[in-house]
Protein chains: 2
Amino acid sequence: MPAAALKLDETFAALADPTRRAILRRLAQGEASVSELAAPFDMSQPAISKHLKVLERAGLISTGQDAQRRPRKLEPEALVIANDFLIELRTLFEARYAALDAVLEELKTTGAKAPGA
Amino acid sequence: MPAAALKLDETFAALADPTRRAILRRLAQGEASVSELAAPFDMSQPAISKHLKVLERAGLISTGQDAQRRPRKLEPEALVIANDFLIELRTLFEARYAALDAVLEELKTTGAKAPGA
DNA sequence: ACGGAAAATAACCAAACAGTTATACAACAC
DNA sequence: GTGTTGTATAACTGTTTGGTTATTTTCCGT
C-alpha cells in the first residue's frame with residue numbers, strides 16, 4: 001500500500017463529518033481561532049478541539065500561534081490528494097468507455113467482424 | 001442541513017477505507033461479481049458484502065442481476081457530488097485570495113493609504 | 001505573583017464500524 | 001427434487017468515533 005493511502009484514509013474520514021466540513025468551509029475564508037470555530041455549533045469546546053485534531057492529522061489544516069490563541073488555517077494540499085483519487089477513478093472509468101468506443105469503431109470500419117477474426 | 005449533506009457523509013465515509021477504494025478502482029474498469037471483487041483480498045466474503053453495502057448506500061455503486069451473481073457497477077454521479085464539495089472549498093479559498101489581491105492592488109494604486117482613509 | 005481567557009488533555013460513555021463464523025436464501029444444473 | 005454455487009444475513013466481538021464533564025496548561029494583563 002502506497003504511503004499516501006494512509007493519508008487518504010484519514011483525509012476522507014475527516015471529510016465524512018458535517019461539523020468538520022463546516023469548519024473547513026469557514027477556514028477556506030481565512031484563519032480562525034478555536035472559539036471562533038466553535039461558536040456556530042451547539043457543541044462543547046473540547047469536541048471542536050477533537051474535530052480540529054482529526055482535521056490536522058489528515059493534513060487538512062495547520063495550527064498557528066497568537067498569544068493564547070491557536071489559529072487554524074486551511075491546508076489545500078490535502079484536498080488535492082483527495083481530489084486526485086476521484087480523478088483517478090473518473091479517468092479509469094472514462095478510459096474504459098474510450099476503449100469500448102474504439103472497439104465499436106473498429107467493428108464498424110471492419111464490417112462487424114470479431115476483433116481477432 | 002441540506003439533504004445532499006447526508007449523502008456526502010456516507011460518500012466520504014465510504015471513500016475512507018482502502019478496501020473500498022480498491023473495489024471502486026476495480027469497478028471503474030467494468031462490472032464485477034462479488035466473488036471477483038473479493039478475490040484480491042485476504043478477507044471473508046461477508047466482509048466484502050458489507051463493504052459493498054456501504055458503497056451502495058453511499059450511491060457509489062449499484063447492483064445488477066445475472067443468475068446467482070449480483071454484479072456491481074460504479075455509479076460516477078456520487079463521485080461528482082464528492083468532487084463538488086472539494087471544488088466548493090477550493091473556490092472559497094481562491095476567492096479569498098482574489099479579494100486580498102484586489103485590496104493590495106487598491107493600496108498600490110491609491111498610494112498605500114488605508115482603505116477607509 | 002495572581003487572575004483570567006483560550007485551548008488542550010484526561011477520563012469516561014454510548015453508538016457505530018470492521019471483521020469473524022455460522023447459517024440461510026436464491027438460482028442454476030442435473 | 002437434490003446438490004452446488006453465489007451471495008446475503010445473523011449474531012457476536014474488539015476497536016474506533018463522537019460526544020460529554022472535569023481538569024490542566026499556556027499565555028496575557030495588571
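A note on names: the letters A, B, ... follow the listed sequences, proteins ahead of strands, and every chain is numbered from 1.
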[atom1] of [X] versus [atom2] of [N]: gap in Å, rounded?
X	N	atom1	atom2	value
B:D66	C:dC28	CG	P	9 Å
B:K53	C:dA16	NZ	P	16 Å
A:I48	C:dA6	CD1	P	16 Å
A:Q68	C:dA6	CD	C1'	6 Å
B:L15	C:dA18	CG	C1'	17 Å
A:D17	C:dC17	CG	P	12 Å

**Asked** Would you say the side-chain atoms of B:D17 pair up with the backbone N or O of B:R20, donor to acceptor, closer than 3.5 Å?
**Response**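 Yes: the side chain of B:D17 pairs with the backbone of B:R20.
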
**Asked** When hydrophobic residues are tied together by side-chain contacts of less than 4.5 Å, even through go-betweens, does B:I87 share a cluster with B:F85?
**Response**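 Different clusters: B:I87 never reaches B:F85 through Ile, Leu, Val, Met, Phe, Trp or Tyr contacts under 4.5 Å.
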
For [X], answer base if it contacts any base atom (sugar-phosphate contacts may also be present), sugar-phosphate if it contacts only those atoms, and nothing otherwise; contact means non-hydrogen atoms under 4.0 Å.
X	answer
B:Q65	sugar-phosphate
B:A47	base
B:T19	nothing
A:S35	sugar-phosphate

**Request:** Find the distance between CG (B:L89) and CG (A:L15) and round it off to the nearest 0.5 Å.
**Result:**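 So the gap between those two atoms works out to 8.0 Å.
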
Using residues 42-50 of chain B as the side-chain source, report each donor-acceptor pair under 3.5 Å to any protein atom, sequence neighbours left out, with the distance given to one decimal.
residue : atom : partner : partner atom : Å
B:S44   : OG   : B:A47   : N            : 3.4
B:Q45   : NE2  : B:S49   : OG           : 3.1

**Message:** Can you tell me which nucleotide in C:dA7, C:dA8, C:dA18 comes closest to the side chain of A:S33?
**Reply:**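 Looking only at heavy atoms from C-beta outward on A:S33, the closest nucleotide is C:dA7.
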
**Request:** Among the candidates C:dA18, C:dA27, C:dA7, find the nucleotide nearest to the side-chain atoms of B:K50.
**Result:**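 Out of C:dA18, C:dA27, C:dA7, the nucleotide with an atom closest to B:K50's side chain is C:dA18.
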
**Asked** Starting at the 5' end of DNA chain D and moving along, which residue's nearest nucleotide shows up first, B:R70 or A:A13?
**Response**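 With B:R70 and A:A13 compared, the 5'-side residue is B:R70.
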
**Asked** With respect to the phosphate group of C:dG19, does any side-chain polar atom (N or O) of B:H51 fall under 4.0 Å of OP1 or OP2?
**Response**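 Yes, within the criterion.
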
**Item:** N or O in side chain of B:R20 less than 4.0 angstrom from C:dA18 OP1/OP2
**Value:**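 Checking C:dA18 against B:R20, a side-chain N or O does come within under 4.0 Å of OP1 or OP2.
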
**Message:** Whether the side chain of A:Q45 and the base of C:dA8 hold a donor-acceptor pair under 3.5 Å is what I'd like checked.
**Reply:**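 In this structure, the two groups form a donor-acceptor pair.
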
**Prompt:** Could you give the start and end, 5' to 3', of the contact zone on DNA chain D for chain A, using atoms under 4.0 Å from its heavy atoms?
**Reply:**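 Footprint of chain A along DNA chain D, 5' to 3': D:dG18 to D:dC28.
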
Can you list, pair by pair, the side-chain donor-acceptor contacts under 3.5 Å of residues 52-64 of chain A, counting residues two or more places apart and other chains?
residue : atom : partner : partner atom : Å
A:E56   : OE1  : A:T63   : OG1          : 2.9
A:E56   : OE2  : A:T63   : OG1          : 3.2
A:R57   : NH2  : A:E10   : OE2          : 3.2
A:S62   : OG   : A:E75   : OE2          : 2.7
A:T63   : OG1  : A:R72   : NE           : 3.0

**Salt bridge flag under 4.0 Å for residues B:E88 and A:R25** =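 The answer is yes: the pair qualifies as a salt bridge.
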
**Item:** B:L86 side chain reached by A:L86 side chain, heavy atoms, under 4.5 Å
**Value:**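 The answer is yes; the side chains approach within 4.5 Å.
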
